[in-house]
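Everything numeric here is computed off the predicted structure, so don't read it as measured data.
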Amino acid sequence: MKILFSPSETKIGGGDIKCIDKNSFIFPELFEKRLEILEKYNNYLKNASNNDLEKLFGTKKIEVIEKYKQDIFKSPTMKAIQRYEGVAYDYLNYNSLEVSAQKYIDENTLIFSNIFGVIKADDKIPDYKLKQGESFENLKIDKFYSDNFSQTLDNYLLDEDILDLRAGFYEKFYTIKKPYLTMKFIKEGKVVSHFAKAYRGEILKLLALKNIKTFEQLLNLQIENLSIVEIKEQKLKKEIVYTIG
């Protein structure tokens, strides 16, 4: 089973001295394509005004702007799954997991970054900042990655069950071409967003701890505080609707 996951706006700094190269990412044969975006991003950081960078980063804090206008090709790296630290990643709590669960996540989780495109959980990435929905030089980054990576992703996922835990924004980076599962979380009759992020992290952790490999195993999984109230099917998508509480 492969799990498709979102990144996070907030990230942990630091990392290993080793910088990004062809072997930092899944699909090394497409590294030159990634470079097209990364080099444009890096050049934009060097030449953009502070006002432009405020918009790009989504902050007016000078210290944050100065931190993130640095050359990403010279920045230290760490596993993507350890770099991100939003709500979902807090609930996943990757660093606390046993080695076998971490290995499951490393091997089976694909994260869709708005600057790097699709990456594996254990791909090595630098600290960076690009506000969700923002771009530079009129680039349509989601379309670029969709156009250049989709065929390779189709082949990679061909024989896999797929659980799509991405936020809607990141669906634009890749459209799934085969039957897949997704999840919706309801509390007091309303779809929730904060709880959804938390439960995405919790569910990824549970999948790793239980070594879940198929849809059947997933559907039989007991998840604390969640109850399946409905399973909706629409074309290729099967959506499990959970109620919280």
Would you confirm whether the ring centroid of Y156 sits within less than 6.0 angstrom of the ring centroid of F27? yes
Do K237 and D164 sit within salt-bridge range, that is, some charged N less than 4.0 Å from a carboxylate O? no
Can the positive tip of K120 be found less than 6.0 Å from the middle of the six-membered ring of F25, inside 45° of the ring normal? no
Is the distance between the ring centroids of F195 and F185 under 6.0 Å? no
Is it true that the side chains of N225 and Y242 contain a donor and an acceptor less than 3.5 Å apart? no
Restricting to non-hydrogen atoms, name the atom on R34 and the atom on G117 that form the minimum distance, rounded to 0.1 Å. NH1-C, 4.1 Å
Which heavy-atom pair separates I212 from M1 by the least distance, and what is that distance? O-CB, 4.1 Å
Any idea which heavy atoms bring P28 and K22 closest together, and the distance? O-CE, 3.4 Å
Between the main-chain N or O of K172 and the side-chain N or O of D142, is there a donor-acceptor pair closer than 3.5 Å? no
Is the distance between the ring centroids of F116 and Y128 under 6.0 Å? yes
Taking NZ, NE, NH1 and NH2 as the nitrogens, is one of them in E137 or K40 under 4.0 Å from a carboxylate oxygen of the other? no
Can a donor-acceptor pair be found, under 3.5 Å and without considering hydrogens, that links the side chain of K2 to the backbone of E107? yes
Just checking, is any N or O donor in the side chain of N95 or Q82 under 3.5 Å from an acceptor N or O on the other one? yes
Less than 6.0 Å separating the ring centroids of F136 and Y44? yes
So, are K79 and D123 salt-bridged, with charged N and O less than 4.0 Å apart? no
How about S100 and E98: does a side-chain donor come under 3.5 Å of a side-chain acceptor? yes
Salt bridge between R166 and E171, side-chain N to carboxylate O under 4.0 Å? no
Y91 six-ring face occupied by K197 cation (under 6.0 Å, within 45°): no
Report the C-alpha separation of L30 and Y145 in whole Å, then their side-chain angles, then the decisive distance to 0.1 Å, and conclude whether the side-chain contact (heavy atoms from CB on, under 4.5 Å) test is met. CA-CA 10 Å; L30 292 173; Y145 281 115; over 6 Å; no
Does the separation of the ring centres of F5 and Y89 fall below 6.0 angstrom? yes
Treating K124 as the side-chain partner and D122 as the backbone partner, does any N or O pair qualify as donor plus acceptor under 3.5 Å? no
Can K11 be said to sit on top of Y84's aromatic six-ring, NZ or CZ under 6.0 Å from centre and within 45° of the ring axis? no
